[in-house]
Every structure is written in C-alpha cells, then in structure tokens.
Amino acid sequence: LGFPRFAHPLPYDGAAAARRAPGPLVSPRDPCSLVSAAEAAAILGPLEGAPRTTGKGCAFPVRGPTIRTPFGTLAAPGSNEVVLNVTWSQGFKALYEARQSASLVKRNADSSSGVQSTCGVNLGTGEAACVDSVFRADTMMNRVDRAMRASPQGRKDMAEMQGLMQSLGAATGDSSLQLRHDTAGIPGPWDEAAVLGGLSFMAVKKDVLMAINLHLGLEKAKALVARAMSRL
C-alpha cells in the first residue's frame with residue numbers, strides 16, 4: 001500500500017533554528033574602544049604611538065623591555081607591543097581548549113627525562129667510577145628552586161633570573177624559575193581566567209575571551225584586561 005501525497009508540502013525549514021539562534025552576549029566592536037590611550041599608558045607606561053586595531057585585537061606600542069644581564073642592565077632597542085586580543089563569542093569554549101592544550105604541553109615537558117652522571121673515586125679500590133641516574137625535568141627544576149632559595153646569594157640570583165625571564169615576556173612562579181601555569185583561582189572582574197605556560201593571560205566575561213601577552217609582566221596584563229572588561 002502506498003501513502004497518499006499531501007496536497008501541499010510541509011512547511012519545514014532546516015535552517016530556521018540556526019537563524020533564530022541567539023547572537024553574542026556582547027555586541028562586537030573595535031577592541032581599541034575598550035581601553036583609551038591614556039588608560040593604557042597609566043597601566044603599561046608611556047606609549048610609543050597610538051593604539052592600533054589588529055585583526056582580532058588592539059596593539060599598544062610600548063618601549064622595548066629592559067633586560068637584566070650579568071653584565072648590567074640593557075635597554076632593548078625600538079618598541080614593543082602589548083596586544084589585547086578579543087574573541088566576542090564562545091569565549092568559555094576557547095579558554096577551555098587553550099587550557100587543555102597548554103596543560104598537555106606542560107605535562108609532557110615536566111615528564112621528560114634526562115640522565116645525570118655522578119662521578120667519584122671508590123675508596124676501597126682507588127678506581128674512578130660514575131653512576132648514571134635518570135631524573136624528570138620537573139624534579140630537577142624543583143631541586144634548583146630549593147637550592148637557590150636556601151641562601152641569600154641564591155635568592156638574589158633567582159630574582160635576577162626572574163627579571164631576565166620577565167623582560168623576555170615570560171612569567172615565573174613565586175620564588176621559582178619555573179614558568180607560571182595557573183588554570184584556576186585567579187581573582188578579578190572575570191568569570192574565569194588562566195595563566196598559560198608563563199607566556200599569556202586569558203580571561204572570560206560574558207562569554208567574551210580576552211588574551212594578552214606578558215611582555216610587561218602579569219600584573220600589568222591583568223590590569224589592562226580588567227580595564228577592558230569594565231566596558232563589557
């Protein structure tokens with residue numbers, strides 16, 4: 001038995017649901033409208049020019065970083081840029097994916113192994129001998145941190161190394177030379193935030209994701225994002 005034909009086709013439109021889907025919680029606009037030049041200068045220091053809109057963000061030209069070396073303090077020539085990238089929708093999804101990827105990279109780096117040789121003289125035979133031991137990278141870095149924190153000179157050397165790493169755009173943990181990786185518990189005017197691999201700070205508010213490099217340090221990066229998010 002066949003089915004009788006309908007006199008008229010059913011009013012079905014498979015794309016109707018997509019057309020009715022809600023848009024971003026915050027309407028996209030020029031990212032440079034979120035932080036004025038004066039506000040950026042108050043947070044980052046004197047700007048070397050006007051902020052400029054990039055493909056997905058706003059670039060603030062600042063003076064090149066000051067690099068501390070064992071031979072003295074050097075000023076990097078030219079200017080640098082602190083870039084505030086803005087993603088106007090699906091920010092929570094993007095932050096989750098970035099955290100997962102960065103955490104995987106960190107786990108792989110921490111679990112990488114190396115071989116350390118300890119050599120000495122056997123007191124019984126008078127012969128030289130070496131013993132090889134395998135160590136994880138994170139275990140060795142923890143040992144370095146503890147050794148440097150144990151003496152005033154070590155703490156001074158650590159502070160200088162931290163300053164050098166910061167001048168190169170990397171954030172370290174407190175009293176540590178290891179890159180800071182913090183995926184939870186960062187207070188601020190955002191819903192969620194993370195420091196990933198010591199190189200970037202990311203935060204989400206109203207499903208808008210903001211990401212910024214750490215060329216001038218974590219605290220300035222957080223302050224700039226907080227200023228921008230106050231206008232969402």
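Numbering of residues begins at 1 and proceeds along the displayed sequence.
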Next item on the list: Show the numbers, then the answer: is there a side chain to side chain contact (heavy atoms under 4.5 Å, CB included) between L25 and V208?
Entry: CA-CA 8 Å; L25 297 178; V208 176; over 6 Å; no
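By the 4.5 Å heavy-atom criterion applied to side chains, K222 and W190 are counted as neighbours. P46 has its side chain within reach of R63: a pair of non-hydrogen atoms, C-beta onward, lies under 4.5 Å apart. Using a 4.5 Å cut-off on side-chain heavy atoms (C-beta onward), T87 and K56 make contact.
Using a cut-off of 4.0 Å between Lys/Arg side-chain N and Asp/Glu carboxylate O, E81 and R52 are scored as salt-bridged.
Here the side chain of K205 pairs a donor or acceptor atom with the backbone of M229 at under 3.5 angstrom. For D207 (side chain) and S89 (main-chain N/O), no donor-acceptor pair under 3.5 Å exists by modelled atom type.
Using modelled atom types, one finds a donor on one side chain and an acceptor on the other under 3.5 Å when comparing D30 with T53.
When all heavy atoms of L214 and A221 are compared, the closest pair comes out as CD2-CB, 3.6 Å. Closest of all the heavy-atom pairs between L84 and M210 is CD1-CB, 4.1 Å. Contact record, S36 with R231: N-NH1, 4.5 Å, taken as the closest heavy-atom pair. The minimum heavy-atom distance linking A194 with L196 is given by the pair CB-CD2, 3.8 Å. Across A40 and V35, no two heavy atoms sit closer than the pair N-CG1, 3.7 Å.
Screening residues 25-57 for disulfide (SG to SG under 2.5 Å), with sequence neighbours left out, gives C32-C58.
In the hydrophobic clustering of this structure, I186 groups with L218; members are Ile, Leu, Val, Met, Phe, Trp, Tyr whose side-chain heavy atoms approach within less than 4.5 Å, directly or through other members. Clustering ILVMFWY residues whenever any of their side-chain heavy atoms sit less than 4.5 angstrom apart, transitively, puts V86 in a cluster other than the one holding V204. A continuous path of ILVMFWY side-chain contacts below 4.5 Å connects L224 to V26, so both sit in one hydrophobic cluster. Residues Y96 and V225 fall into different hydrophobic clusters, defined by Ile, Leu, Val, Met, Phe, Trp and Tyr side chains chained together at heavy-atom separations under 4.5 Å.
A37 meets the side-chain contact (heavy atoms from CB on, under 4.5 Å) test with L47, P51; sequence neighbours excluded.
Note that CE of M202 and CD1 of I212 are 12.0 Å apart. Values are rounded to the nearest 0.5 Å. For the atom pair CG (N213) and CG (L199), the distance works out to 9.5 Å, reported to the nearest 0.5 Å. Taken from CG in L34 to CG in L232, the straight-line distance is 6.0 Å, to the nearest 0.5 Å. The CH2 atom of W88 lies 4.5 Å from the CZ atom of R29; values are rounded to the nearest 0.5 Å. Atom CG in L209 sits 8.5 Å away from atom CG in N85 (nearest 0.5 Å). Atom NZ of K206 and atom CG of D191 lie 9.5 Å apart (nearest 0.5 Å).
Summarising the local packing, CZ of F92 is surrounded by more than 12 heavy atoms from other residues, nucleotides or ligands at distances under 6.0 Å.
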